[in-house]
Every structure is written in structure tokens, then in C-alpha cells.
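Just so we're on the same page: letters track the sequence lines, and every chain starts at 1. Since we're looking at a predicted model, the values are computed, not measured.
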2 protein chains.
Amino acid sequence: MADNATSGESLLFLTDEQLRKGIEAMFFAYQGFTADPDRILDTLEYGRAHHRAVHFINRSPGLTVSSLLAILGVTKQSLNRVLRTLFEDGLVEARVGKTDKRERRLHLTEKGAALERSLSDAQRARMRAAYRAAGPQAVQGFRMVLEAMMDPEMRRQYQGFKEDNP
Amino acid sequence: MADNATSGESLLFLTDEQLRKGIEAMFFAYQGFTADPDRILDTLEYGRAHHRAVHFINRSPGLTVSSLLAILGVTKQSLNRVLRTLFEDGLVEARVGKTDKRERRLHLTEKGAALERSLSDAQRARMRAAYRAAGPQAVQGFRMVLEAMMDPEMRRQYQGFKEDNP
DNA sequence: CTTGGAATGTCAACAAGGCTGACGTAAATT
DNA sequence: AATTTACGTCAGCCTTGTTGACATTCCAAG
């Protein structure tokens with residue numbers, strides 16, 4: 001890492017080896033990222049799919065089934081199986097849309113909100129530790145790279161989610 | 001949240017909202033991260049599990065089944081199902097261990113290496129684009145945060161994998 | 001030299017959570 | 001009035017994870 005200060009410096013981080021390291025970092029980090037919530041979910045007979053649904057319903061109360069479908073990128077049959085158990089267990093409730101009565105606006109119940117907190121507390125704790133260890137500068141870079149790695153459609157989901165209630 | 005410029009500046013990135021954004025960034029980015037290889041695998045009747053196996057066998061030729069088990073964090077029954085199809089299709093071959101004849105050292109065949117290249121080319125292309133868009137500084141931060149997020153055991157897998165052949 | 005344990009494979013059964021295809025209903029839109 | 005949209009549901013399939021049980025081979029230690 002001595003004297004490619006002339007031209008190489010800006011390309012050094014794009015070698016195949018660097019990229020391979022990045023790929024594995026994503027793989028191993030994602031394992032850690034999901035490990036804590038997974039442990040909690042296991043004891044409650046839920047899975048990662050439930051976590052995702054609960055997370056996004058909490059983030060955007062009143063979002064519609066089709067919005068959630070778009071965010072998660074799964075089929076409605078798949079999502080419905082999950083939502084059904086969440087309804088049955090009283091974690092999520094659906095309210096008929098005000099303007100459009102075909103829509104079902106999804107909300108967490110108090111019980112659902114409690115689960116969400118328990119899951120995201122665990123996940124945030126790990127994220128907080130990682131952020132603290134790496135420092136603010138690194139966090140900014142982390143976010144930039146992740147954002148650049150998203151599919152454009154998903155990047156929109158990530159950035160703008162305020163316009164859900166009409 | 002106005003004037004913590006004095007002490008708060010270093011903690012600003014640890015707010016719950018910042019952490020939530022980080023969590024979603026991981027979720028959406030991971031979708032993108034796996035999207036390209038997944039498309040290729042689909043056409044070939046393989047799945048993500050095959051990709052992972054092929055990736056790590058390529059990374060460390062001659063690694064044993066139990067090492068691979070530890071890296072992937074799945075049961076041997078699960079891994080074996082995947083390995084069997086890779087053997088049958090002539091992508092991976094197992095050589096009996098030199099010193100310990102119980103071990104099966106895993107290697108990619110030429111065909112397997114070709115698949116690996118095709119998959120990792122796709123994945124690297126996306127990673128390269130993200131790296132390029134975010135810049136070297138950001139990449140360093142990206143790697144630091146991801147590393148801090150791993151489980152300690154997995155961090156070891158990530159960092160040191162040279163000592164595989166005795 | 002025997003014996004315990006490690007490394008591996010394999011059979012069976014099961015579950016979560018993806019998928020496709022087909023069909024139904026109510027409400028909105030044209 | 002006809003079509004489209006939003007949603008639900010039934011049925012069936014696949015991948016990939018799980019447990020549990022059992023066999024083989026071989027290293028290593030008593």
C-alpha cells in the first residue's frame with residue numbers, strides 16, 4: 001500500500017479479493033444481524049417472516065396489504081399465511097380503509113407492539129454495539145454502501161415511506 | 001435535539017431512528033445482494049444453499065465437511081443433501097484426507113469452478129458498482145461495521161481461513 | 001490392543017416459508 | 001354495465017432448514 005498514490009489509490013478497493021471480502025462480510029454479518037431476533041422468535045413459535053411483517057407494520061401503521069407485499073417482495077399467498085397467524089394471535093389487526101373499503105389497513109395491537117419492541121430491542125442492541133465499535137464515520141460509509149447495493153425499487157421503499165396514509 | 005453539538009455529536013448516530021434505518025438498510029441491501037446470483041441459480045435448478053457451498057469450497061479448496069458445516073451453521077443432514085447433488089452433477093469432488101482418512105476434502109471440478117465464477121461475477125459486479133458509487137472511505141466504514149456485527153465465532157471464519165490444509 | 005470418540009453418511013419424518021395456478025368476492029373505476 | 005383492483009383462499013409443490021437414530025471408518029488414548 002505504498003505508492004499507488006498516483007492512479008491506483010482510487011481503484012485499490014475494487015480488486016476481486018477486496019470484493020470477495022465484502023461479499024463474505026455481508027454473509028457473516030447478516031447471520032449475526034438475524035441471530036438475536038431469531039432466538040426470540042424460536043421460543044414463540046414464530047419465524048423470520050413474522051418478524052419482517054411486524055417490523056414494517058410498526059414502521060408504517062395503517063399500511064395496506066399490497067404495500068407490504070411490495071416491500072417484502074413475496075407473494076400474497078405467502079404473506080397471508082403469516083398475517084393470518086398474526087391476526088389469530090391478536091398481534092395485528094386490520095381496519096377497513098376509510099376512502100377505499102377494499103383496503104385492509106394493518107396495525108399492531110398492544111401485544112404486537114410489545115413483540116416488536118422485544119425483537120427490535122435485541123436487534124438494535126447489536127447494531128448499536130457495532131456502530132459504537134466502528135464509529136460515526138464508518139457508520140456513514142456503511143449506510144452509503146448498503147444503499148448503493150439495493151435494487152432501485154427497494155431503495156425507494158427504504159428512503160420514502162412517509163406517504164402511506166392518504 | 002438541537003444543541004448536543006457539544007457532547008452529543010458523537011452519539012447522534014446511535015438514536016433509535018438511526019438504528020432502525022441501519023436495520024432496514026441491512027434488510028433491503030441483502031435483498032439486492034442475493035438477487036443476481038438467485039436469478040442464475042433459478043435457471044439451473046439450484047438454490048442459495050448450493051451457492052454458499054460452492055463459494056466456500058472455492059475459497060478454501062480441500063476444506064473438510066465439518067469445517068464447511070461450521071462456516072455455514074447448518075446441520076450435516078442439510079448440507080449433505082446439497083453436497084450430494086453437487087457430487088452427482090459433477091461440480092464438486094471429495095478426496096479422502098491424506099493424514100486422516102475419515103475426512104473428505106472438498107474441491108471444485110472445472111465445471112464447478114465455472115459455475116462459481118458465473119455466480120460471483122454477478123455478485124461482484126453489484127458490489128463493485130456499490131463500492132464505486134460510495135467511494136473508498138465509505139467502503140472501509142462498511143467493512144468495519146459489518147465486522148463488528150458478526151458473531152465472534154463467525155468473525156474468526158471471516159478473518160482467518162488460511163490454515164485449512166495441514 | 002481395545003475402546004471411546006470424531007468425522008462422515010444415510011434414512012425418515014417434519015416444518016417454515018417460498019412458489020404457481022385457479023377461483024371468489026367486494027368495491028372502485030370506467 | 002363491465003372491467004379492474006384489492007384481497008382472501010384452496011391446493012399442491014419445492015427448497016432448505018430441523019431432530020432423531022444408526023452405521024462406518026478411523027484416530028488416539030488408556
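One atom, NE2 of A/His51, and another, C1' of C/dA16, lie 17 Å apart when rounded to the nearest Å. Here D/dC14 presents its P atom at 20 Å from CZ of B/Arg48, a figure rounded to the nearest Å. With rounding to whole Å, B/Glu103 atom CD is found 16 Å from D/dT24 atom C1'. A straight line from NZ of B/Lys76 to P of D/dG20 spans 13 Å, rounded to a whole angstrom. Atom-to-atom, CG of B/Leu41 to P of D/dC14 comes out at 18 Å; the value is rounded to the nearest Å. Residue B/Gln77 contributes atom CD, which lies 16 Å from atom P of C/dA7 at whole-angstrom precision. Atom CG in B/Asn80 sits roughly 13 Å away from atom P in D/dT18 (whole-Å rounding). In this structure, B/Tyr46 atom OH and D/dT16 atom C1' are separated by 16 Å, rounded to whole Å.
Between A/Arg52 and C/dG18 there is a side-chain N or O to OP1 or OP2 distance below 4.0 Å. A/Thr75 has no side-chain polar atom (N or O) that falls below the 4.0 Å cut-off from OP1 or OP2 of C/dT20. For B/His50 and D/dT16, the shortest distance from a side-chain N or O to OP1 or OP2 is below 4.0 Å.
Distances from the side chain of B/Ala49 to the nucleotides C/dA27, D/dT16, C/dT8 place D/dT16 closest.
Between A/Asp100 and A/Arg84, it is A/Asp100 whose nearest contact on DNA chain D lies nearer the 5' terminus. The residue among A/Glu45 and B/Phe87 whose nearest nucleotide of DNA chain C is located toward the 5' end is B/Phe87. Sequence order on DNA chain C of the closest nucleotides to B/Arg81 and A/Lys98 puts B/Arg81 first from the 5' end.
A side chain to side chain contact (heavy atoms under 4.5 Å, CB included) with B/Ile71 is found for one member of B/Arg59, B/Arg52, B/Met154, B/His55 and no other, namely B/Arg59.
When every heavy atom of A/Arg20 is checked against every heavy atom of A/Glu24, the shortest pair comes out as NH1-OE2, 2.7 Å. Scanning both residues, A/Leu86 and A/Ala53, for their nearest heavy atoms gives CD1-CB, 4.1 Å.
In this structure, the ring of B/Phe56 has its center no less than 6.0 angstrom from the ring center of B/Tyr158.
Donor-acceptor pairing under 3.5 Å, judged by distance alone, is present between the side chain of B/Arg102 and the base of C/dA6.
If you check every strand for non-hydrogen atoms under 4.0 Å, A/Ser66 touches sugar and phosphate atoms only.
Using the six-membered ring where Trp is involved, B/Phe33 and B/Tyr30 have ring planes that are tilted, between 30° and 60° apart.
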